[in-house]
Amino acid sequence: MVTAVLEARPQVAANGDQRQAKVELNPFAIAQQQLDEAAALLELDEATHQMLRWPMREMQFTIPVRMDDGTVKVFKGYRVQYNDARGPAKGGLRFHPEETIDTVRALAAWMTWKTAVVDIPLGGGKGGVTCNPKEMSQGELERLSRGYIRRVAGFIGPDVDVPAPDVYTNPQVMAWMRDEYEVIVRQQAPGIITGKPVELGGSHGRGDATARGGIYTTREAGKVLGIDLKGATAAVQGYGNAGFFGHKLGVDLLGLKFVAASDSKGGVYNPDGLDYRALSEWKAKTGSVVNFPGAKFITNEELLELPVTVLMPSALENVITAANAGRIKARIVTELANGPTTPEADKILHENGVYVIPDFLCNAGGVTVSYFEQVQNAYNFYWTEEEVHQRLDAKMTTAFHAVHEMAQRMGVHNRLAAYLVAVERVARAMKLRGWV
Ligand code: GLU
């Protein structure tokens, strides 16, 4: 019998209503709540449940960075190794002003379920820095990236914990980080990090892999639901790596017609469809999709409620909540973001017959190609883009149907079904290792 020495809920405000709101929107409290539901259905023993409820190890540290104006700014950094029963911890690094330890813990937990649901031999981890990269120069970002690696170098490694890109980090950041790590260990170590530039040990097909995997699962959802996606309407919320490629591949691979797109500054709507080439050029030029010629302004909130066939939340957590879930009109929600839907919203969407492809299944293409990247690094032998696409399609399609069938068999919504598939696999690995 394990006594729960750890307090389950993170600190919340004392007053009633506020408490409700804060608990609902703390991503780690949400991740734990989702796990609890699955644990009950799987009848997990107490020790297994507690091990899966908390990160096995976490680090928080300061990173001093010399800024361009000569001053030194101290940033807060994090790395959470959530679970490595199935393989080395794996997961991205986010540079974001609102990054907190609880966001990182939640994302690390979701990585654990993500690698398990697509059945790749990796665990889950995540990291980040509280910073605003939009206000930093390239030199400052490089010094921050190298400083981050100096803090974690002793605790990561190709067979220990492998970082990758996430929101506001990119292949250039991965390249600096690989280089800094190799300076410290005094040897080549391409498998230390994934999402690298192709010239530096990156994999072909990693750039659009997150969205591509999500588009493959959307294609499969169309098949099981009997919806013809060619010419069907879509809207994408968020226009970073996942959102932009979601738009591009949604058009190129499925023939979807995107009538709306947005980013942190707002959105644009055009019932005749938005061209991804022109829209991405516009964003590159002006910094936002807003004011795109020929389209009307639309808020992020309005975009989510549009009567489209496919809705792609592709930015941050908690955009579909109990407050707006009842107004979501999409048939399929393709969750390219991590954590866009709260547990209350999940129930409402399920009751309303909205088919959600849950985040850690839908966006697992990124980490799947990261895994392929590591395999190529280990062999020092590289695959063609076509090979990567084929293997990714096979992984995503198998995982999609495992989750879909579980949902049908158990009569639960897709997220809970995905948890059942993933948690069972991680629990089994812990059991076989003799941890629990
Ligand atoms: N940050 C991405 C994710 O959330 C990719 C992680 C990886 O490639 O390790 O899945």
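Counting starts at 1 for both ligands and their atoms, in listed order.
Near G91, with a cut-off below 4.0 Å to any heavy atom, the atoms of ligand 1 are 9 (O). Under a 4.0 Å criterion applied to the non-hydrogen atoms of P165, ligand 1 contributes the atoms 1 (N), 2 (C), 5 (C). Each of the atoms 3 (C), 4 (O), 6 (C), 10 (O) of ligand 1 lies under 4.0 Å from some heavy atom of M111. With ligand atoms numbered from 1 in the order given, ligand 1 contributes 8 (O) to contacts under 4.0 Å with heavy atoms of G366. Residue-ligand proximity, N338 to ligand 1, at heavy-atom distances under 4.0 Å covers atoms 4 (O). If you number the atoms of ligand 1 from 1 as listed, the ones under 4.0 Å from a heavy atom of D166 come out as 1 (N), 2 (C), 4 (O).
On a distance-only criterion, K126 and ligand 1 share at least one N/O pair closer than 3.5 Å. Between V162 and ligand 1, no N or O atom pair is found at a separation short of 3.5 Å.
Of all heavy-atom pairs between T321 and T342, the closest is CA-OG1, 3.5 Å. Minimum interatomic distance between L141 and F95 (heavy atoms only, all atoms of both residues): CD2-CD1, 4.1 Å.
From the protein, the heavy atom lying nearest to atom 9 (O) of ligand 1 is K90 NZ, 2.7 Å. Among all protein heavy atoms, the one lying closest to atom 7 (C) of ligand 1 is A164 CB, 3.3 Å. Atom 8 (O) of ligand 1 has as its closest protein heavy atom S370 OG, 2.6 Å. The protein heavy atom nearest to atom 5 (C) of ligand 1 is R206 NH2, 3.5 Å. Nearest protein heavy-atom neighbour of atom 3 (C) of ligand 1: K114 NZ, 3.3 Å.
Remark: the backbone N or O of A278 is paired with a side-chain donor or acceptor of D275 at under 3.5 angstrom.
By the 4.0 Å N-to-carboxylate-O rule, K114 lies too far from D359 to be salt-bridged with it. Salt-bridge formation is detected for the pair D119/R86: a Lys NZ or Arg NE/NH1/NH2 atom is positioned less than 4.0 Å from an Asp or Glu carboxylate oxygen.
Checking K90, E373, R206 one by one against T194, the side chain to side chain donor-acceptor pair (under 3.5 Å) holds for a single residue, K90.
Taking the six-membered ring for Trp and thresholds of 30 and 60 degrees, Y82 and F28 have ring planes more than 60 degrees apart, a perpendicular arrangement.
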Query - Q34/W113 under side-chain hydrogen bond (donor to acceptor under 3.5 Å, both in side chains): CA gap, chis, key distance, verdict - result: CA-CA 11 Å; Q34 292 165 336; W113 316 135; over 6 Å; no

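Counting heavy atoms closer than 4.0 Å to ligand 1, residue A364 contributes nothing at all.
Note: Y216 and F400 fail the aromatic proximity criterion, with ring centroids not under 6.0 Å apart.
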